[in-house]
Amino acid sequence: MEKAINRQSVLLQHLRPSSDFGDRPALSASICAAGDSAAYQRSSCFGDDVVIVAACRTAICKSNRGGFRNTHPEDLLAPVLKALLDKTKLNPSEVGDIVVGTVLAPGSQRAIECRMAAFYAGFPETVPLRTVNRQCSSGLQAVADIAAAIKSGFYEIGIAAGMESMTVDKIRWIGPANPRAEMFAQARDCLLPMGMTSEIVAERYGITRQEQDQAAVESHRRAAAANAAGKFKEEIIPVTTKIIDPKTGEEKQVIISVDDGIRPDTSMSVLAKLKPAFKKDGSTTAGNASQVSDGAGAVLLMRRDVAMKKGLPILGVFRSFAAVGVDPAVMGIGPAVAIPAAVNAAGLQTDDIDLFEINEAFASQFVYCCKKLELDPSKVNVNGGALSLGHPLGDTGARCVSTLLNEMKRRGKDCRFGVISMCIGSGMGAAAVFERGDVVDQLSNARRIRSNNLLSKDAM
């Protein structure tokens with residue numbers, strides 16, 4: 001606090017006019033209330049900043065056919081939880097809570113499986129755990145929940161994770177639907193298959209089959225290039241598991257460390273041969289929709305002052321989060337609404353964002369969101385996305401944190417802010433803003449605004 005006051009005093013001296021104002025104060029609270037366009041942006045390093053000191057994930061594998069097809073869900077989660085401890089040498093008893101995003105499994109069972117995974121990873125019984133389910137944003141919601149709890153002072157260190165085995169748990173509706181839904185259009189639309197919402201987005205907003213297929217080709221191309229360059233090695237934790245031969249029942253031990261859904265040879269001509277998957281004359285196919293996958297990821301968050309005291313590297317700073325609601329029939333447009341909300345909450349503009357990780361649930365909604373927000377394609381999903389890597393529902397948000405922060409680290413000073421966003425089944429969107437960990441210092445608050453030379457009210 002003393003440093004902040006001193007800094008503000010220096011700023012006030014610099015901004016004080018040299019001419020004599022007589023009895024009139026040079027600066028007043030009223031003229032300093034510059035609002036969202038203030039020349040002073042609070043983004044310096046405060047001890048209570050919530051920072052990420054480690055993030056990792058498993059490889060993402062095709063469900064039913066991939067490397068994790070015979071792996072128990074808890075055996076996906078345990079390795080990434082343990083990896084956080086191994087990377088940081090953190091005493092596991094210091095963790096205040098573990099929150100795991102997960103979607104498809106029955107809630108009570110999955111919560112117990114996740115608790116078992118924590119024990120497998122070496123956490124003592126004193127460390128609590130819970131699950132969270134906000135559909136496809138569950139992993140990111142877990143990160144936001146942990147960040148909020150740390151910021152509120154509930155504890156200083158927490159772990160957010162995400163996990164999904166779409167081999168074990170299928171997308172299905174249990175029991176009959178409530179007939180009352182037919183009387184409420186938006187309630188009825190909550191029951192639409194996700195593929196049909198993709199078709200509605202394409203039709204309503206004019207997203208062509210060619211645009212969707214091109215997005216899929218580009219996703220695979222970028223993912224293949226990233227994989228060949230070894231970029232994913234920094235974030236993937238090898239998992240030792242088993243593969244069972246379906247004919248002989250023979251078990252074989254394997255180490256899974258590579259995403260197995262990437263198809264480097266994907267082309268427009270290949271995708272053009274695929275038939276629509278959800279509607280006879282539709283445009284959504286198996287090739288331009290996200291893959292059904294298995295995987296897990298985990299993120300270690302703590303207060304900045306705690307991380308500094310422990311001598312841990314700061315990979316990123318959690319700056320803001322927003323969850324929004326949209327029409328369930330076009331749930332895929334969620335990021336187009338959530339991203340501006342999160343960016344505004346961070347005191348930024350979309351142009352300030354250097355990298356985006358937007359979940360490619362369907363090419364139709366991904367293309368729409370990028371066009372709606374007028375995003376530079378060179379900033380979005382630079383290492384591929386769910387169309388090529390896969391989309392283990394509860395894991396995706398946590399996975400994206402690892403992918404985003406590692407890429408921001410590689411780009412260094414040319415990359416300060418990043419955004420993660422995804423659409424959410426039943427009509428929502430979520431987004432979060434992160435700042436690269438090593439760019440924030442005591443003087444980074446000053447930001448030139450050509451159209452405004454007033455001091456923000458934050459400085460008063």
Side-chain angles (χ1 to χ4, degrees), residues 135-137 166 171 186 189-223 261 263 266-293 324-340 356-377 379-382 384-393 396-397 400 419-431:
Q135 306 283 31
C136 299
S137 71
M166 299 182 77
I171 299 176
Q186 290 187 312
D189 289 344
C190 288
L191 301 176
L192 284 170
M194 293 297 96
M196 283 304 300
T197 69
S198 172
E199 293 289 2
I200 297 172
V201 168
E203 292 175 11
R204 185 175 297 183
Y205 302 108
I207 308 301
T208 67
R209 167 73 181 267
Q210 185 176 8
E211 287 179 298
Q212 295 174 60
D213 285 353
Q214 184 59 56
V217 169
E218 184 64 10
S219 182
H220 282 281
R221 186 192 70 78
R222 293 185 179 192
R263 299 189 296 272
T266 296
S267 66
M268 292 293 286
S269 59
V270 169
L271 294 183
K273 298 176 183 178
L274 299 177
K275 295 180 180 181
F278 302 97
K279 185 179 179 182
K280 185 177 180 180
D281 58 346
S283 58
T284 301
T285 72
N288 60 36
S290 60
Q291 301 181 43
V292 179
S293 312
V324 301
V326 299
D327 182 354
V330 288
M331 67 92 200
I333 71 171
V337 183
I339 289 174
F356 295 85
E357 282 288 330
I358 300 178
N359 187 43
E360 301 165 347
F362 297 95
S364 62
Q365 57 84 209
F366 171 72
V367 171
Y368 167 80
C369 292
C370 291
K371 291 172 71 173
K372 177 67 175 178
L373 297 175
E374 300 180 343
L375 302 182
D376 180 347
K379 294 182 177 183
V380 186
N381 295 2
V382 296
L387 293 171
S388 53
L389 298 173
H391 177 26
L393 307 183
T396 291
C400 286
V419 161
I420 295 170
S421 186
M422 63 280 295
C423 57
I424 303 171
S426 75
M428 289 177 280

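The basis for the numbers below is simple: all heavy atoms, side chains too, and nothing from hydrogens, waters or symmetry mates. If you read the sequence from its start, that first residue is 1, and numbering goes on from there.
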Which distance, rounded to the nearest 0.5 Å, do you find between the [atom1] of [X] and the [atom2] of [Y]?
X: C369; Y: I358; atom1: SG; atom2: CD1; result: 6.5 Å
X: Q365; Y: I200; atom1: CD; atom2: CD1; result: 13.5 Å
X: S219; Y: Q291; atom1: OG; atom2: CD; result: 8.5 Å
X: D213; Y: T208; atom1: CG; atom2: OG1; result: 8.5 Å
X: R222; Y: S388; atom1: CZ; atom2: OG; result: 10.0 Å
X: F356; Y: C370; atom1: CZ; atom2: SG; result: 8.5 Å

Verify the distance criterion only: is there a donor paired with an acceptor across the side chains of H391 and S293 at less than 3.5 Å? no
May I ask you to test the [X]-[Y] pair for a side-chain heavy-atom distance under 4.5 Å?
X: I420; Y: N359; answer: no
X: V330; Y: T197; answer: no
X: M166; Y: I171; answer: yes
X: V270; Y: S267; answer: yes

Suppose we screen for salt bridge (Lys or Arg N to Asp or Glu O under 4.0 Å). Which residues come up paired with K371, at least two apart in sequence or across chains? E211
Side chain to side chain donor-acceptor pair (under 3.5 Å) with N381: which residues, sequence neighbours excluded? E360
Tell me if a side-chain donor or acceptor on [X] pairs with a main-chain N or O of [Y] at a distance below 3.5 Å.
X: E199; Y: S283; value: yes
X: N288; Y: T285; value: yes
X: S421; Y: A430; value: yes

Quick note, ring-ring contact (aromatic ring centres under 6.0 Å, His included) partners involving residues 193-219, not counting sequence neighbours, are Y205-Y368
Between D327 and R204, is there a side-chain N and carboxylate O pair less than 4.0 Å apart? yes
Only one of Q212, R209, E203 clears side-chain contact (heavy atoms from CB on, under 4.5 Å) with S364; which? Q212
